[in-house]
Amino acid sequence: NFYPLFTQVSLIFTCFFVGLPFHLCLHLDPVFHFKELCELCVLLCLKDGKTFIFIFRKNVEDFTGPRERSDLGFITFDITADLENIFDWNVKQLFLYLSAEYSTKNNALNQVVLWDKIVLRGDNPKLLLKDMKTKYFFFDDGNGLKGNRNVTLTLSWNVVPNAGILPLVTGSGHVSVPFPDTYEITKSY
Amino acid sequence: MLSLDFLDDVRRMNKRQLYYQVLNFGMIVSSALMIWKGLMVITGSESPIVVVLSGSMEPAFHRGDLLFLTNRVEDPIRVGEIVVFRIEGREIPIVHRVLKIHEKQNGHIKFLTKGDNNAVDDRGLYKQGQHWLEKKDVVGRARGFVPYIGIVTILMNDYPKFKYAVLFLLGLFVLVHRSSEAPCLLC
């Protein structure tokens, strides 16, 4: 009755190798520019002008879940953020999370948390994270990731006060991440 | 004869005082119940205030913290929200965070949860064969919180003697408090 993730990993089917040259670099801030070697890069500038997400290398794999095969996506990203302004006298901690939102044939709305982090009051409010893998498997409920051009990533946070209201805030800015049209054999991730 | 009449008066007055105090106490209890029911209506949740029982959401919430919930149909369930849900067949509600949602065109939604302080998601906690939670399992979404205060409820549950002591002191307080005012009210 327990649903261990490692048995899923052991059931990977090899699929088609994709050689998809995809250069998509959006320059939102002229100070940051991209090297040629990135396969797919998107730069995102969030709310207070201080949060950036840099994403590259996506592939989609077919996967045997509890009943049927579902798409499994892989994303690697960087996050640079300055959270100092969010902490005030009544903020005990922030629960930061990176979530992907998209639509598929099966489901009108899908939201998946890919990564999260707890930032306590007193921790360093400046985050400089590089080459981050997703903390949670990016499974779809079906096969809606392949060829999906409209997967949106947003960074949000839940403010936990010392006492009071628990607001959920979404950073104002999102990256749209297109997934390739074919599956890929697992590289080391 | 005169003194006996006087005693009867006193005895009658004390009985009235007693009934008055009982009625007052009853009014306080019904007002409290009405406030609770009113909260249930306003928030849409069957349990608008809950006490955190485990440490699975630390460091945000600890055992004994109080959470204020709403469960309005107009608020859709989205990732990142803190939901209080009940697993079919178990009565103790669980407070965790939504990790994944899949919503169909018709509004039917299935979602997965995970405690902040847990290493894995909650699938191991769900009923056998159950992989997702649905709207019907939700008691409410946490909108506000107050630390520590719920410890009293936990103590009263874990130590029934403490509960009886509290009730006894409360009853005593109500009776003693009234008896100092009562002579004026009835004259």
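Quick note: numbers below take in every heavy atom, side chains included, and nothing from hydrogens, waters or symmetry partners. Note that this is a predicted model, so its numbers are computed, not measured.
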| query | Most heavy-atom pairs under 4.5 angstrom with chain A, which of B:Asp116, B:Leu67, B:Asn106, B:Leu112? | reply | B:Asp116
| field | Leading residue by heavy atom contact count with chain A [cutoff under 4.5 Å; candidates B:Arg143, B:Arg97, B:Glu81, B:Arg78] | value | B:Arg97
| field | Gap between atom CG of A:Asn150 and atom OG1 of A:Thr152 - 0.5 Å precision | value | 5.0 Å
| Distance in Å, A:Lys135 NZ paired with A:Asp116 CG, rounded so as to fall on 0.5 Å steps | 4.0 Å
| chain A contact via B:Ile82 - side chain, backbone, both or neither, heavy atoms under 4.5 Å | side chain
| message | Any side-chain to backbone donor/acceptor pair from B:Thr70 onto B:Arg72? Under 3.5 Å, distance only. | response | no
[X] versus chain B, the contacting section by heavy-atom distance below 4.5 Å:
{"X": "A:Ser99", "result": "side chain"}
{"X": "A:Ile165", "result": "both"}
{"X": "A:Phe138", "result": "neither"}
{"X": "A:Leu114", "result": "neither"}
{"X": "A:Pro167", "result": "neither"}
{"X": "A:Gln111", "result": "both"}
{"X": "A:Val113", "result": "both"}

| task | Might you work through the side chain to side chain donor-acceptor pair (under 3.5 Å) test for B:Thr113 and B:Asp122, ending with a clear yes or no? | result | CA-CA 6 Å; B:Thr113 55; B:Asp122 291 345; 2.5 Å; yes
Say whether [X] and [Y], considering side chains only, have a donor N or O and an acceptor N or O under 3.5 Å apart.
{"X": "A:Tyr97", "Y": "A:Thr154", "result": "no"}
{"X": "B:Asp121", "Y": "A:Tyr136", "result": "no"}
{"X": "A:Asp141", "Y": "A:Asn107", "result": "yes"}

| message | Aromatic contact between B:Phe68 and B:Phe145, with the criterion being ring centroids under 6.0 Å apart: yes or no? | response | no
| query | Can you tell which of A:Ile118, A:Leu109, A:Asp140, A:Val160 has the highest number of heavy-atom pairs within less than 4.5 Å of chain B? | reply | A:Leu109
